**Student:** 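If you scroll down you'll find the structure; I have some questions about it.
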Amino acid sequence: MSEPVITRFAPSPTGFLHIGGVRTALFNWLYARKHGGQFRLRIEDTDRARSTEAAIDAILEGLRWMQLDWDDEPVFQHSRASRHIEVAERLLAEGKAYRCYCTPEELAQMREQARAEGRPPGYDGRWRDRDPASAPAGIDPVIRFKAPRQGETVIEDQVQGKVTFANAALDDLVLLRSDGTPTYMLSVVVDDHDMGITHVIRGDDHLTNAARQAQIYAALGWQPPVFAHIPLIHGPDGAKLSKRHGALGIEAYRDMGYLPEALRNYLVRLGWSHGDQEIFSTEEMIELFDLPGINKAAARFDFKKLEALNGHYIRHAEDRALIGHLQALLPHLPDAPQLTQAQWQLLEKAMPGLKERAKTLVELWHSAAFLFAKRPLEMTPKAAKWLDEAGRAALAGVAVALRELQDWTLENIETAIRNYAEQADLKLGKVAQPLRAALTGTTVSPSIFDVLHVLGREESLARIADQLAPPQQPQG
RNA sequence: GCCCCCUUCGUCUAUCGGUUAGGACGCCAGGUUUUCAACCUGGAAAGAGGAGUUCGAUUCUCCUAGGGGGUGCCA
């Protein structure tokens, strides 16, 4: 019987939930779900000054939107401070930690000197074995961890492989600040242990931390978790993610019209692969995801590929589901109108034709604008060109045929138009484009038969009539 | 400066010593077509450089270069 897998996502609420964090959460979620384990959430808010309520909300909301559900209540790290302090004091009592009275100035000088001499930087351990009686008055000490000075610390990382650190390069880190609050390095170890975390999957910016944490685990006599440090995500230019490209909050991706399932698919393939497979349903991801498939190199964020994937997911989505997504999205779009019940129904009716052509929900929404346009329609310049003399003649001719239709069905509409084109000796395009212009005000739309069908007899004929009415004043 | 990690088409990646180095996005050309997409066919496009190990290296080792991360009383 193997122990149940428990993973966690542990963001610090000092900013928004960015794309790299989402991927880390996704990997942890996938791994837990794959093994029938738990995926826990821990808010690392030990830095009280920089943590905000808004950031916490954004993180939770972002994970919900991505449909990465977590088990149990989130743990707020700062609420566990007394336990962290208790562990630090235990280390102190066991002689595995000590009080250090260095001032910030002293520390800065120490670093500077080490650098100047080409030595590894860091605290030199000057209070490690000093008599506490020599403590200067008026200084609140920090508690430092007595890190091993000889030998090496080895991390058997599931992604990076065996990584070895010389202990001499790892200094005595601070466990408790001079104000008595615990630091991150102590808190993670204690919380991961207490929460029973078995696998720590996180960004490789934590790789060095893993070594320090391993030392703390050892000092405490605790079993460290399995580590898997995944490579970071870079911007399209290979540099660190900045606001200009990927480092947007996850809600920005929602507002750009991406589907959570598309984002999940894109993100899982960024740094992880399963042969040549590109498309993964959530079930497949859970089944196939594994640590050995994770790449070691950093990946660049590519909007084009995300967009292609998003288009795929939109095309394959249910019409109802897309309506739901749009209803959720509209309030976040600038000057988006409130649709009536009837308009939503119209939109759903048009969805099969619309979803084939959109890469994002925003695009989908814009391409649906003709449905709700007010008569008489405004023509784009290109559309107006199709309503020249010849175009209007074709339009007038086909209008007659359409008016005669008994049943306004897709089949009847198509037959009527094809018949008219044939009888008038016109290529279908010569009829379709003027129709498209009259009905949508543009030159791009779903199939013209669809457009007529979706718009309905009355509205269609009225829009056509609008363009036929002013005989001498072509608009645009 | 010091420590750690990384390096296959423009991008994401496959390959786990022997392949015409494969796929996907993007790009180009063609097809299909009522527009635009979608779709189909074809094309250009890669092992950072240098030493080894080996009958044979993209694959293993080392060096160099380049990139990234860390180096806090941040997380």
Side-chain angles (χ1 to χ4, degrees), chain A residues 10-14 44-47 49-51 77 100 102 104 107-108 111 114-123 140-144 155 157 159-161 163-166 168-171 173-179 181 183-185 187-188 203-209 211 229 231-232 234 236 238-240 266 269-279 295-309 311-312 315 353-359 363 367 382 386 414 417-418 421 427-433 435-437 440 442-449:
Chain A
S12 59
T14 53
E44 308 229 312
D45 53 356
T46 51
D47 186 346
R50 293 199 301 152
S51 300
Q77 194 160 60
C100 164
C102 284
L107 259 13
R111 268 192 289 273
R115 179 184 254 271
E117 293 171 13
R119 288 185 291 109
Y123 178 67
D140 292 324
V142 298
I143 308 279
R144 281 185 187 272
I155 300 297
D157 193 275
V159 174
Q160 305 293 334
V163 185
T164 306
F165 295 87
L170 270 14
D171 66 355
L173 65 278
V174 172
L175 260 16
L176 250 37
R177 301 186 182 97
S178 53
D179 66 359
T181 59
T183 60
Y184 159 80
M185 211 62 82
S187 299
V188 243
D204 70 12
D205 50 336
H206 283 287
L207 191 54
T208 316
N209 293 339
H229 288 91
L232 269 17
H234 290 165
K240 229 175 159 173
Y266 177 71
R269 281 288 287 102
L270 211 55
W272 175 81
S273 60
H274 180 258
D276 284 340
Q277 190 169 345
E278 297 285 348
I279 305 289
N295 211 47
K296 294 169 89 168
R300 300 186 187 199
F301 196 90
D302 181 7
F303 271 103
K304 284 291 188 194
K305 187 147 185 178
L306 204 210
E307 213 164 74
L309 229 26
H312 174 271
R315 286 194 297 281
L354 294 172
K355 71 181 180 188
E356 290 299 314
R357 298 167 166 75
K359 287 194 169 63
E363 247 181 69
S367 70
K382 277 185 183 173
W386 278 101
E414 176 159 359
I417 293 172
R418 288 193 187 278
K427 280 195 170 179
L428 190 51
K430 296 286 185 189
V431 183
Q433 280 306 83
L435 265 173
R436 195 174 332 265
T440 71
T442 73
T443 54
V444 177
S445 83
S447 155
I448 198 61
F449 312 128

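So that the names make sense, note that chain A is the first sequence line, chain B the second, and so on, each numbered from 1. Small disclaimer: the values here were computed from a predicted structure and weren't measured.
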**Student:** Need one value for A:Thr164: base, sugar-phosphate or nothing, where a base atom within 4.0 Å counts as base even if backbone is also close, heavy atoms only.
**Tutor:** sugar-phosphate
**Student:** Looking only at side-chain atoms of A:Arg357, point me to the closest of B:G1, B:C36, B:G23.
**Tutor:** B:C36
**Student:** Taking A:Arg357 for its side chain and A:Glu363 for its backbone only, find out whether a donor-acceptor pair lies under 3.5 Å.
**Tutor:** no
**Student:** Mind checking A:Arg436 for me? I need base, sugar-phosphate or nothing, with any heavy atom below 4.0 Å counting as a touch.
**Tutor:** base
**Student:** Want to settle it: does A:Phe449 or A:Gly271 sit nearer the 5' end of RNA chain B, counting the closest nucleotide to each?
**Tutor:** A:Gly271
**Student:** Under 4.0 Å from OP1 or OP2 of B:C5: is there any side-chain N or O of A:Lys296 that close?
**Tutor:** no
**Student:** Are A:Arg269 and B:U13 close enough that a side-chain N or O sits under 4.0 Å from OP1 or OP2?
**Tutor:** no
**Student:** At under 4.0 Å, does any side-chain N or O of A:Arg111 touch on OP1 or OP2 of B:C2?
**Tutor:** no
**Student:** Tell me whether the OP1 or OP2 atom of B:A14 has a side-chain N or O from A:Ser273 closer than 4.0 Å.
**Tutor:** yes
**Student:** Does OP1 or OP2 of B:A75 have a side-chain N or O of A:Thr46 closer than 4.0 Å?
**Tutor:** yes
**Student:** Determine the interatomic distance between P on B:A46 and the same-named atom on B:C9; round to the nearest Å.
**Tutor:** 9 Å
**Student:** Determine: side-chain N/O of A:Arg144 to OP1/OP2 of B:C73, distance under 4.0 Å, yes or no.
**Tutor:** yes
**Student:** Check the distance between B:C3's P and A:His229's NE2 and give it to me in whole angstrom.
**Tutor:** 20 Å
